[in-house]
Amino acid sequence: MKKKVALITGISGQDGSYLAELLLKKNYVVHGVIRKSSSFNTGRIDHIYVDPHNKTNFYLHYGDLTDSNSVYNIINNIKPDEIYNLGAQSHVGVSFDNPEYTAEVSGIGTLRILEAIRFLKIKKIKFYQASTSELFGETYNKNIFNENSKFHPKSPYGVAKLYSFWITSVYRESYGIFASNGILFNHESPRRGETFVTRKITRFLTRKILGSKDILYLGNLNAKRDWGHAADYVEMQWRILQQKKPEDFVVATGNAYSVKQFIETCAKVLKIKIIWQGKGINERAYFINNNKKELLIKVDKRYFRPNEVHYLKGDARKAFKKLRFKPKFNFKDLVEDMIKHDLELARSEL
Ligand code: NAP
Ligand code: GDD
């Protein structure tokens, strides 16, 4: 049987690397788009690339979502069955500093792919758009979001992704392209970028218990997120494209925890005692070790955003039913997985 061919933008990112592994296991030929960078940016996929089993089913191409020609040429050369658009400037905080670039990559980048599909008239292509819970932004009356909830993005990233969400829907309705949005809530893993809050915390705490003298500076400790595991969520990305008809799905766990609760769960897993003192900008966490109190975490307003999404919790009942979504990792499993990995990493750095 002819193997299915998938193209992944953002293959060097957290989700891209898990999705590539999943599709290879499912016997796909996987092509990925990587950016030219002055330093190595393929750390998450090097193990796939060097594996001799993947010699004839894993290919990387230089391209960029800001470059229409590269997008068009890659799609034209590969003629994939499925395209997963995971590429993005994905950091909400950074999007306030680079709003125009964020719009180009995370917004218009999606249009560039859809336009290539339309021009090339490759009917078989199924398109997945990495949409996000940042589209919701504001909690109105209800504290849980589903596919029918109102959008109110609160960052340049959220607005860029809102464009992508709607242009995906418009190309589906106007041109009959199989194009679906996965509206994914936060998902983390040992491969999470180190500037996102969960990984920033697990990297810091695991170094700390091995003797680091550093202090961690964080922003809003009270923000709540619905945190799942990326390995579970890429399975849903694939399932969304295996549906008979294209449609949009919320993917979430249905539980929300604060940044502070994330820290406390890490402390439990690491069996360390921390105490909190002070309020607001003066809030601090201390590490209690042999009855000695050592400063661990300080709030730093440099990490506050000009506008904040305070609370995100998803209602994924549609995905539970139609995609048979059954996450393997709960919140504690996720924390344990990240801590275990980062503890080993910290030991290897000693
Ligand atoms: P990530 O780790 O930040 O990966 C982003 C990927 O996009 C990287 O491979 C990056 O390449 C690539 N990229 C950045 N700029 C690009 C450009 N101009 N052209 C082509 N590729 C570019 O993000 P992630 O956590 O895996 O998330 C995957 C997707 O899901 C993103 O679109 C994100 O916005 C969305 N999403 C994520 C979450 C989440 O909680 N993780 C939730 C909802 C939606 P480099 O490696 O070269 O930087
Ligand atoms: N990054 C970061 N760094 N966030 C911090 C910090 C800090 O030092 N201190 C507190 N926070 C708070 C942020 O203000 C936010 O409320 C929360 O922690 C989570 O921040 P991030 O981990 O940066 O993730 P995000 O929720 O803003 O965005 C992620 O999830 C979205 C889905 O809801 C990204 O993966 C987006 O790409 C994704 O769309």
Side-chain angles (χ1 to χ4, degrees), residues 8-19 32-37 39-45 61-67 70-71 74 84-95 98 101-102 104-106 108-110 112-113 128-137 145 153-155 157-158 160-161 164-165 181-189 191-201 204 216-230 233-234 237 250-252 258-260 262-263 297 299-305 307-312 314:
I8 305 175
T9 71
I11 195 162
S12 58
Q14 171 188 255
D15 289 12
S17 63
Y18 282 111
L19 181 65
V33 180
I34 52 165
R35 299 193 289 168
K36 165 73 185 82
S37 158
S39 51
F40 291 111
N41 60 355
T42 54
R44 294 184 181 98
I45 50 172
H61 310 264
Y62 281 112
D64 200 298
L65 285 165
T66 61
D67 179 358
S70 72
V71 169
I74 291 170
Y84 296 86
N85 183 30
L86 311 184
Q89 190 303 91
S90 73
H91 200 285
V92 174
V94 170
S95 78
N98 296 312
Y101 177 71
T102 302
E104 275 294 337
V105 182
S106 312
I108 305 297
T110 307
R112 294 188 177 103
I113 299 176
Y128 173 87
Q129 171 55 22
S131 285
T132 162
S133 46
E134 278 289 309
L135 299 179
F136 301 119
F145 300 100
K154 291 189 137 190
S155 64
Y157 167 79
K161 284 285 187 174
S164 284
F165 175 90
N181 286 286
I183 309 172
L184 272 51
F185 282 63
N186 295 53
H187 45 281
E188 320 294 308
S189 74
R191 297 185 194 169
R192 184 56 143 157
E194 295 190 20
T195 61
F196 295 94
V197 77
T198 55
R199 190 80 198 290
K200 193 170 160 182
I201 294 164
F204 168 78
L216 181 65
Y217 295 91
L218 291 175
N220 181 4
L221 298 174
N222 299 313
K224 286 196 165 176
R225 291 290 183 273
D226 180 330
W227 274 303
H229 197 297
Y233 284 25
V234 296
Q237 297 173 358
V250 159
V251 178
S258 67
V259 172
K260 213 166 152 178
F262 187 89
I263 297 168
I297 299 169
V299 174
D300 185 329
K301 60 175 192 268
R302 279 180 308 169
Y303 293 106
F304 289 163
R305 294 164 182 182
N307 202 1
E308 173 69 300
V309 172
H310 294 284
Y311 186 93
L312 287 176

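Remember, it's 1-based here, ligands and their atoms both numbered in the order they're listed. Computed from a predicted model, the values in this text were never measured in an experiment.
The closest donor-acceptor contact from the side chain of D226 to the backbone of G314 lies under 3.5 Å. Using modelled atom types, one side-chain atom of S155 and one backbone atom of G158 make a donor-acceptor pair closer than 3.5 Å. Proximity of a side-chain donor or acceptor of H310 to a complementary backbone N or O of K224 within less than 3.5 Å is not detected. A donor-acceptor pair is defined here as one N or O able to donate and one able to accept, closer than 3.5 Å; no such pair exists between the side chain of Q14 and the backbone of G16. A donor-acceptor pair under 3.5 Å is absent between the side-chain atoms of Q129 and the main chain of I183, judged by distance alone. Formation of a donor-acceptor pair under 3.5 Å by the S106 side chain with backbone atoms of Y157 is not found in this model. The closest donor-acceptor contact from the side chain of H91 to the backbone of Q89 lies at 3.5 Å or more, if one exists at all. For T9 (side chain) and L86 (main-chain N/O), a donor-acceptor pair under 3.5 Å exists by modelled atom type.
Taking distance alone, with nitrogen or oxygen atoms compared against 3.5 Å, W227 stays at or beyond that limit from ligand 2. In terms of polar-atom proximity, V33 is not counted as a contact of ligand 1, lacking any N or O under 3.5 Å from an N or O of the ligand. When only interatomic distances are considered, the shortest N/O to N/O separation between A88 and ligand 1 falls below 3.5 Å. Considering backbone and side-chain N/O of R44, none are found under 3.5 Å from N/O of ligand 1. Here's the thing with F196: none of its N/O atoms is less than 3.5 angstrom from an N/O atom of ligand 1. Looking at ligand 1, you won't find any N or O of S133 less than 3.5 Å from one of its N or O atoms. Annotation: Q89 places no N or O atom under 3.5 Å from an N or O atom of ligand 1; distance criterion only. The distance criterion of under 3.5 Å between nitrogen or oxygen atoms is met by V197 with respect to ligand 2. Distances between N or O atoms of N186 and those of ligand 1 include no value under 3.5 Å. Here's the thing with L184: none of its N/O atoms is less than 3.5 angstrom from an N/O atom of ligand 1. Looking at D15 next to ligand 1, an N or O pair under 3.5 Å apart turns up.
If you number the atoms of ligand 1 from 1 as listed, the ones under 4.0 Å from a heavy atom of T132 come out as 43 (C), 44 (C). Heavy-atom proximity to E308, at under 4.0 Å, picks out these atoms of ligand 2: 13 (C), 14 (O), 15 (C), 16 (O). Short contacts between ligand 1 and Y101, defined as distances under 4.0 Å to a heavy atom of the residue, involve ligand atoms 15 (N), 18 (N). In summary, the atoms of ligand 1 found under 4.0 Å from a heavy atom of S131, numbered by their order in the structure, are 43 (C), 44 (C). For ligand 1, the atoms lying closer than 4.0 Å to a non-hydrogen atom of A130 are 29 (C), 30 (O), 32 (O), 35 (C). Listed by number with element, the atoms of ligand 2 under 4.0 Å from a non-hydrogen atom of A223 are 16 (O). Atom numbering of ligand 2 starts at 1 in the shown order; those under 4.0 Å from a heavy atom of R192 are 29 (C), 34 (C), 35 (O). Each of the following atoms of ligand 1 lies closer than 4.0 Å to a heavy atom of Y157: 33 (C), 34 (O), 35 (C), 36 (N). Under a 4.0 Å criterion applied to the non-hydrogen atoms of V105, ligand 1 contributes the atoms 15 (N), 16 (C), 17 (C), 18 (N). For ligand 2, the atoms lying closer than 4.0 Å to a non-hydrogen atom of S90 are 34 (C), 36 (C), 37 (O). Remark: ligand 1 atoms within the under-4.0 Å shell around heavy atoms of S12 are 8 (C), 9 (O), 11 (O), 45 (P), 46 (O), 47 (O). Within ligand 2, counting atoms from 1 as listed, the ones closer than 4.0 Å to a heavy atom of T132 are 31 (C), 32 (C), 33 (O), 38 (C), 39 (O). Shown in contact with Y303 at under 4.0 Å from a heavy atom are these atoms of ligand 2, numbered in order with element: 8 (O). Counting the atoms of ligand 2 from 1 in the order shown, those under 4.0 Å from a heavy atom of G219 are 6 (C), 8 (O), 9 (N), 10 (C). Ligand 2 places these atoms under 4.0 Å from at least one heavy atom of H91: 1 (N).
The CG atom of L216 lies 5.0 Å from the CD1 atom of I297; values are rounded to the nearest 0.5 Å.
Comparing E188, R192, R225 by heavy-atom distance to atom 41 (N) of ligand 1, the nearest is R192. Looking at T42, D64, I8, T9, it is D64 that brings a heavy atom closest to atom 18 (N) of ligand 1. Relative to atom 20 (C) of ligand 1, the option among L65, L19, L135 with the closest non-hydrogen atom is L65. Proximity annotation for atom 17 (C) of ligand 2: of E134, H187, R225, R225 comes nearest, heavy atoms only. Which of Q237, E134, R191, H187 comes nearest to atom 42 (C) of ligand 1 through a heavy atom is settled by distance: it is H187. Distances from atom 10 (C) of ligand 2 to the heavy atoms of I297, V299, D226, N220 show the closest one on N220. By heavy-atom distance, the residue among V94, T66, L86, L312 lying nearest atom 28 (C) of ligand 1 is L86. Scanning V309, I201, N186, V92 for the heavy atom closest to atom 24 (O) of ligand 2 points to N186.
For the pair L218/V299, no side-chain contact is recorded, criterion being any heavy-atom separation below 4.5 Å from C-beta on. For the pair E134/L312, a side-chain contact is recorded, criterion being any heavy-atom separation below 4.5 Å from C-beta on. Residues K161 and S131 fail the side-chain proximity criterion, which asks for heavy atoms closer than 4.5 Å. A heavy-atom distance below 4.5 Å is found between the side chains of L184 and Q237. Within the 4.5 Å cutoff, side-chain heavy atoms of V250 are placed close to those of F185. Counting only heavy atoms from C-beta outward, the side chains of S17 and I45 approach each other to under 4.5 Å. No side-chain heavy atom of I108 sits less than 4.5 Å from a side-chain heavy atom of L65.
The proximity of F304 to ligand 2, defined as any non-hydrogen pair under 4.0 Å, does not occur for either the backbone or the side chain. With a 4.0 Å heavy-atom cut-off, ligand 2 is reached by no atom of H310. Here V259 has side-chain heavy atoms under 4.0 Å from ligand 2, and that is the only part of it that gets that close. Looking at L221 against ligand 2, nothing comes within 4.0 Å, counting heavy atoms. Contacts with ligand 2 closer than 4.0 Å are made by heavy atoms of both the backbone and the side chain of L218. By the criterion of a heavy-atom distance under 4.0 Å, both the backbone and the side chain of F196 are placed next to ligand 2.
Distances from ligand 1 to the non-hydrogen atoms of E104 include no value under 4.0 Å.
Both tests do not hold together for R199 against F196: distance to the six-membered ring centre under 6.0 Å, angle to the ring axis within 45°.
Ring orientation note: the planes of H229 and Y18 are nearly perpendicular, at an angle over 60° on the 30°/60° scale.
Looking only at heavy atoms of the protein, atom 4 (O) of ligand 1 is closest to G13 CA, 3.4 Å.
Y217 pairs by the side-chain contact (heavy atoms from CB on, under 4.5 Å) definition with I215, K298, D300, Y303, not counting sequence neighbours. Legend: residues meeting salt bridge (Lys or Arg N to Asp or Glu O under 4.0 Å) with R191, ordered by chain and number and at least two apart, are E21.
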